[in-house]
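First the structure, in the form of structure tokens, and then the observations on it.
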Amino acid sequence: MRILISGGAGFIGSHLTEALLAAGHHVIVLDNFITGRPGNMEDYRGHPEFEFHEHDIVEPFTGLTAPVEAIFHLASPASPVGYSAHPIETHLVNSVGTHNMLKLARQYGAKFLVTSTSEAYGDPLQHPQREDYWGNVNPVGPRSCYDESKRFSESLTMEYFRQFGLDARIVRLFNTYGPRNDPQDGRVVPNFINQALEGRPITIYGNGSQTRSFCYISDLVRGLQAAMFAEGTKGEVINLGNPDERTILDFAETVRRICNPEAPLVFQPGRVDDPNQRCPDITKARTRLGWEPEVSLEDGLLKTIEYFRSQAGQRQLKEKSV
Ligand SMILES: NC(=O)c1ccc[n+]([C@@H]2O[C@H](COP(=O)([O-])OP(=O)(O)OC[C@H]3O[C@@H](n4cnc5c(N)ncnc54)[C@H](O)[C@@H]3O)[C@@H](O)[C@H]2O)c1
């Protein structure tokens with residue numbers, strides 16, 4: 001199958017590319033590197049079925065030499081550091097960019113999947129969050145460039161499904177982590193691991209009682225493929241995440257235990273509009289896709305820490321050779 005991935009040079013997109021290439025597909029990636037990294041694609045750049053176009057999807061893409069059969073639309077800054085640095089670009093990629101990807105899918109009659117986010121639920125008043133919950137979002141706060149543009153992206157996608165019968169689905173992703181997480185993007189997993197590995201204090205915003213659930217990347221990539229290709233997902237909204245809910249304090253202590261028991265914990269003021277609780281209800285993914293996460297937090301963390309250690313080792317080698 002010929003498959004297009006927008007945002008394929010990012011953390012999730014690069015793992016999805018690798019899995020689709022391994023399954024024998026031809027993969028075309030569009031990315032403008034606003035938050036992605038060329039290094040994420042190093043492991044398969046020379047693969048004969050891999051095609052890369054440096055392209056901002058806010059502009060129409062006209063470089064396809066043959067039809068595509070499926071489009072995974074992942075392009076968007078995803079971390080608070082990423083979207084705070086690029087709020088207008090975030091609005092545009094999730095509005096105009098989504099429209100361009102939907103038009104392309106319609107033109108070729110391709111299946112379409114857009115990655116939305118648990119942040120579409122805002123600071124949720126329902127717990128755990130089910131897909132039919134409408135959310136509690138501050139429409140003008142500092143996170144709204146992400147939350148609201150993702151909600152727009154969902155709404156536009158549903159319009160293409162309703163008006164044109166596009167074979168489209170929306171997946172709402174919850175915190176995902178693993179190798180190729182950008183160490184600089186400020187998300188809690190790379191932050192805590194890097195702080196612990198470097199012997200710096202592990203920084204907790206607020207008192208640490210806020211909860212998150214962490215999904216390992218290989219589990220998520222299985223879920224994305226199931227959501228795209230399983231029967232009966234057309235027009236559906238599906239949560240993908242790990243329901244193993246942890247407080248941030250518990251998570252910090254787990255990272256400290258595995259990485260560096262000497263690392264101190266420090267508490268800083270909470271962030272604006274930071275949700276108190278976040279945990280997916282994945283009943284729909286379980287029943288419709290037969291999907292659920294398999295990798296435990298401890299196992300996933302070990303693999304992620306190994307990756308961050310190897311990256312730090314490579315940086316040191318480079319510094320020595322300069
Ligand atoms: N990682 C998570 O925990 C998480 C959670 C919820 C939702 N998501 C969603 O999953 C998707 C991928 O997230 P990620 O963690 O891999 O983020 P990422 O920042 O690593 O990847 C996003 C990619 O999109 C690219 N991009 C952004 N704007 C673009 C544009 N205009 N044109 C072309 N490329 C563009 C970036 O350069 C980057 O490579 C995003 O849509 C994000 O909102 C991720």
Side-chain angles (χ1 to χ4, degrees), residues 4-18 28-41 52-61 63 71-101 104 113-121 129 143 145-154 157 170-191 212-217 219-221 223-224 227 237-242 275 278 280 293 300 304:
L4 186 146
I5 306 180
S6 76
F11 160 54
I12 297 174
S14 62
H15 286 278
L16 178 63
T17 303
E18 228 171 353
I28 301 152
V29 164
L30 310 183
D31 204 295
N32 66 351
F33 296 123
I34 191 169
T35 53
R37 297 178 294 168
N40 285 343
M41 302 185 291
F52 177 73
H53 300 264
E54 187 168 344
H55 178 77
D56 181 344
I57 63 153
V58 170
E59 302 301 326
F61 182 66
I71 296 181
F72 286 91
H73 172 35
L74 274 61
S76 167
S79 69
V81 166
Y83 58 72
S84 305
H86 307 288
I88 309 280
E89 290 85 350
T90 303
H91 273 296
L92 289 176
V93 72
N94 287 317
S95 52
V96 182
T98 296
H99 197 207
N100 282 333
M101 292 299 103
L104 213 55
L113 177 149
V114 59
T115 50
S116 185
T117 167
S118 58
E119 296 215 21
Y121 299 119
Q129 293 84 55
R143 305 171 84 109
C145 63
Y146 186 59
D147 305 5
E148 289 292 21
S149 67
K150 284 288 186 182
R151 287 165 69 97
F152 178 89
S153 183
E154 290 195 9
T157 300
I170 295 163
V171 286
R172 295 197 183 126
L173 311 186
F174 286 65
N175 287 27
T176 304
Y177 71 100
R180 302 197 193 123
N181 256 152
D182 182 346
Q184 310 299 335
D185 80 5
R187 281 186 265 200
V188 63
V189 176
N191 251 11
R212 294 293 182 275
S213 58
F214 301 101
C215 186
Y216 189 65
I217 184 68
D219 282 332
L220 181 79
V221 164
L224 289 174
V237 180
I238 302 173
N239 285 337
L240 291 179
N242 193 325
R278 200 174 269 156
T304 310

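Every heavy atom of this structure was used, including side-chain atoms; hydrogens, water molecules and symmetry mates were not. Numbers for residues simply follow the sequence, beginning at 1. Start at 1 and go down the list; that is how both ligands and their atoms are numbered.
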Q: Take Thr90 and Ser76, measure what side chain to side chain contact (heavy atoms under 4.5 Å, CB included) needs, and give me the verdict at the end.
A: CA-CA 6 Å; Thr90 303; Ser76 167; 4.3 Å; yes
(Q) Determine whether Thr157 and Thr98 satisfy the following criterion, side chain to side chain contact (heavy atoms under 4.5 Å, CB included), listing intermediate values before the conclusion. (A) CA-CA 8 Å; Thr157 300; Thr98 296; 4.0 Å; yes
Q: Please report the C-alpha distance between Phe152 and Asn94 in whole Å, then the side-chain angles of each, then the deciding distance to 0.1 Å, and finally whether the side chain to side chain contact (heavy atoms under 4.5 Å, CB included) criterion is met.
A: CA-CA 7 Å; Phe152 178 89; Asn94 287 317; over 6 Å; no
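With a heavy-atom cut-off of 4.0 Å, Arg187 touches ligand 1 through its side chain alone. Within the 4.0 Å heavy-atom criterion, the part of Lys150 lying near ligand 1 is the side chain and not the backbone. When non-hydrogen atoms are compared, ligand 1 lies under 4.0 Å from the side chain of Tyr146 (C-beta onward) but not from its backbone. At a heavy-atom distance under 4.0 Å, atoms from both the backbone and the side chain of Phe11 approach ligand 1. Contacts with ligand 1 closer than 4.0 Å are made by no heavy atom of Ser6, backbone or side chain. With a 4.0 Å heavy-atom cut-off, ligand 1 is reached by the backbone of Asn175 but not by any atom from C-beta on.
Close N/O approach between Asp56 and ligand 1 is found [any backbone or side-chain N/O within under 3.5 Å]. At under 3.5 Å, a nitrogen or oxygen of Gly10, whether backbone or side chain, sits near a nitrogen or oxygen of ligand 1. For a threshold of 3.5 Å applied to N or O pairs, the pair formed by Thr115 and ligand 1 contains at least one separation below that value. For ligand 1, none of its N or O atoms has an N or O atom of Leu173 under 3.5 Å away. Here's the thing with Leu74: one of its N/O atoms is less than 3.5 angstrom from an N/O atom of ligand 1.
Here atom 44 (C) of ligand 1 lies nearest to Ile12 when heavy atoms of Ile12, Val58, Thr176, Val114 are compared. Of the candidates Ile57, Ile217, Thr35, it is Thr35 that places a heavy atom closest to atom 18 (P) of ligand 1. Compare Gly36, Ser79, Ala78, Ser76 by their heavy atoms: the one nearest to atom 22 (C) of ligand 1 is in Ser76.
Relative orientation of the Phe174 and Tyr121 rings is tilted, given thresholds of 30° and 60° on the angle between their planes.
Taking a 4.0 Å cut-off on heavy atoms, His55 registers as neighbouring ligand 1. In this structure, Gly97 falls outside the shell of residues with a heavy atom less than 4.0 angstrom from ligand 1.
Here the closest non-hydrogen pair linking Leu240 and Gly223 is CD1-C, 3.6 Å.
Leu113 places a side-chain heavy atom less than 4.5 Å from the side chain of Phe72. Arg37 places a side-chain heavy atom less than 4.5 Å from the side chain of Asp182. Glu154 places none of its side-chain heavy atoms less than 4.5 Å from the side chain of Val114.
Donor-acceptor pairing under 3.5 Å is lacking for the side chains of Ser149 and His91.
Under 4.0 Å is where a charged nitrogen must lie from a carboxylate oxygen, and between Lys150 and Glu119 no such pair does.
Each of the following atoms of ligand 1 lies closer than 4.0 Å to a heavy atom of Ser116: 7 (C).
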